[in-house]
Every structure is written in C-alpha cells, then in structure tokens.
Amino acid sequence: MLQVQPNREAADPVWSELRVEAERIAADEPALASLTHTAILSHSRLEQALAARVAEKLSSAELPKLLLRDMAMEAYEDDPALAASARADLLAVHQRDPACRTLLEPLLFLKGFLAVQAHRVAHWYWRRGRQGVARVLQMRMSEILAVDIHPGARIGAGVMIDHATGVVIGETATLGDDCSILHGVTLGGTGKESEDRHPKIGPSVLIGAGASILGNIEIGACCRIAAGSVVLSPVPPCKTVAGVPAKVVGEAGCPEPSRRMDQMLRDAAK
C-alpha cells in the first residue's frame, strides 16, 4: 500500500508522494533527472505537472507545447474536478496494475493514464462549445497514444485504461467511476443510429481486452465483460458476460471486478 510521506505538502498527499518519488528517481538514476525535473520537480502543484505532461506528449508544429500547456491550464484552473479525477486515476492505476510500482509511473510512462487526462481537458473544451480545440486534442491523442476517445464522451473518476492501444470510445458513451478497461476495447455504435448511440457503462465494471460493446445499451454496475466479447444487449448489474454475441454466463464473482482485475471465468457461476 502506498505510504505517503508526512509533513510534505500535507494538503495534497498525492502530489507530495509524486515529488518524493521524483526526487528519489533523480538521485538514483541520473539519466532520468532531467525528465523528473521537467515533469514534476519544476512545478508547484499537480495541475501544472498534468498540463505540462499533456503538452509535452501531444504538442506538434500545429499545436506548440507552450500553447497546449496554457490551454490545459485554463481547463484545470476553471474546473478543480479535472485534477481531482486525475488523482483518483493515479491511485487506481497504482493499486490495480501489478506492473506499476510507484505512483509516478503512470504520469511518466503509461499512455492509458495520459490519454484519460488529455481527454478530460478535451471534454472541458467540448462542453464549452469550443469543439475545434477539443477535436484537435482528440486527433493528437489518437496519433500519439493510439487511443481514440471522442471529446463528447463522459468518463468518471478512478478509471484505469491498461496498455490502452486500440481503445475507442464514442461520442455519447459514458464510463462510470472506478472502471478498468484493457487494450483493444471499443465502446461504439452499431453504425445505424445517430444522436445517443453509444454504451453507458456503470461504475466498477471490468472490460477485458478486445471486447466490443456496441449501441446505446446499459452495462450495470460491477459487471465483468470477458476478453473478446461482443456485447449487443443490456447487461444487469453484477454479471459476467462472455462470447460473440455475449451472453450472461454467471455472477460477477466479486463485489468490485474493476479493482480485483480477475478476468478468469472459473468463479463466474458462484
């Protein structure tokens, strides 16, 4: 379990721990000292670090780094919920991904976390009618991170997108708090509808690699979607579904599948 260091920026223990870890990495591995300084130690709070990191990864000749950083900061300054959700996302990745050994790793290295943060900024612009800005952020996210999340999609807090390559989330999709999804997942339309046409995923849902959930259907809280499934019908809460097309094969097997991250079907019927 994460042990936050006492007496260091106690008002924000997540930021405090990030700085402690950055200082440790800079001391232990000189080759990463510049990275940790640029990403963490040169900033006074998490919002600045997030804006700078998003800008560093998504900037281009068409979208210069300083401009993108200022655009992201505009969103963070206006809506504190963006950084609060980022803190929950950091903790989610650290707690659920066995390959993530520090709180700093998602911010520095994991494109699923960075894609979600870029989306949160894009969504802020989308909700304010600045759709051109939102769409250029989506374009850069797709080009650089291989994650395509429409800026209109609504994503809750404490979300982990593990590995992330090939994830597609459509405009009217919603993803509840504390969900975990793996690479190759599609929350898409069926190709026939317009308007509200994408899935509504409840909280604490685990979606396995390569799964597709299509259409304006509801996936209940605490469900498990097995890897490779194609879900075309609503799913009640606390169920496991698998197959093409997916069918209910049992109960979820635990209270919060997204936290347990157990994708095996052996206990589905229990």
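The residues of the chain are indexed from 1 along the displayed sequence.
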K.L.:
Backbone N or O of A55 within a donor-acceptor pair of the S59 side chain at under 3.5 Å?
P.N.:
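Here the side-chain-to-backbone pair exists.
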K.L.:
Assess whether a salt bridge exists between E47 and R87, defined as any Lys/Arg side-chain N lying under 4.0 Å from an Asp/Glu carboxylate O.
P.N.:
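Answer for the salt bridge query: yes.
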K.L.:
Scan side-chain atoms only and decide if R224 and T240 contain a donor-acceptor pair under the 3.5 Å cut-off.
P.N.:
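T240 and R224 do have a side-chain donor-acceptor pair below 3.5 Å.
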K.L.:
Determine, for R128 against D78, whether the closest basic-nitrogen to carboxylate-oxygen distance falls under 4.0 angstrom.
P.N.:
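A salt bridge is present here (some side-chain N lies under 4.0 Å from a carboxylate O).
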K.L.:
Atom CG in L63, atom CG in L58: separation rounded to 0.5 Å?
P.N.:
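These two atoms lie 8.0 Å from each other.
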K.L.:
Could you walk me through whether L114 and R53 satisfy the side chain to side chain contact (heavy atoms under 4.5 Å, CB included) test, starting with their C-alpha distance in whole Å, then the side-chain angles of each, then the deciding distance to 0.1 Å, before giving a yes or no?
P.N.:
CA-CA 8 Å; L114 293 171; R53 194 64 180 151; 3.7 Å; yes
K.L.:
In sequence, state the C-alpha distance, the side-chain angles, and the governing distance for H43 and W15, and then conclude on ring-ring contact (aromatic ring centres under 6.0 Å, His included).
P.N.:
CA-CA 10 Å; H43 306 293; W15 178 241; 7.2 Å; no
K.L.:
Taking I225's backbone N and O only, do any of them form a donor-acceptor pair with S229's side chain (distance below 3.5 Å, no angle check)?
P.N.:
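Judged by distance alone, no pair lies under 3.5 Å.
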K.L.:
Got a donor-acceptor contact below 3.5 angstrom from the R197 side chain to the G188 backbone?
P.N.:
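Such a contact is absent between R197 side chain and G188 backbone.
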K.L.:
Are E56 and R69 within salt-bridge range, i.e. N to O under 4.0 Å?
P.N.:
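Salt bridge absent between E56 and R69.
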K.L.:
Hey, is R120 close enough to D79 for a salt bridge, meaning N to O under 4.0 Å?
P.N.:
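The answer is no: the pair does not qualify as a salt bridge.
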K.L.:
Within the side chain of D89, is there an N or O that forms a donor-acceptor pair under 3.5 Å with the backbone of V159?
P.N.:
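Side chain of D89 to backbone of V159: a pair is present.
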K.L.:
Using a strict threshold of under 4.0 Å (side-chain N to carboxylate O), is an ion pair present between R101 and E21?
P.N.:
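A salt bridge is absent here (no side-chain N lies under 4.0 Å from a carboxylate O).
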K.L.:
Between R259 and D178, does at least one N-O distance fall below 4.0 Å, as a salt bridge requires?
P.N.:
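Yes.
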K.L.:
Going through the distances and angles, do M160 and F113 end up as a side chain to side chain contact (heavy atoms under 4.5 Å, CB included)?
P.N.:
CA-CA 7 Å; M160 180 181 75; F113 172 80; over 6 Å; no
K.L.:
Any side-chain donor-acceptor pair under 3.5 Å between Q48 and S44?
P.N.:
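Yes.
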K.L.:
Would you say E218 has more than 12 foreign heavy atoms packed within less than 6.0 Å of its CD?
P.N.:
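Atom CD in E218 is not packed in, count stays at 12 or less.
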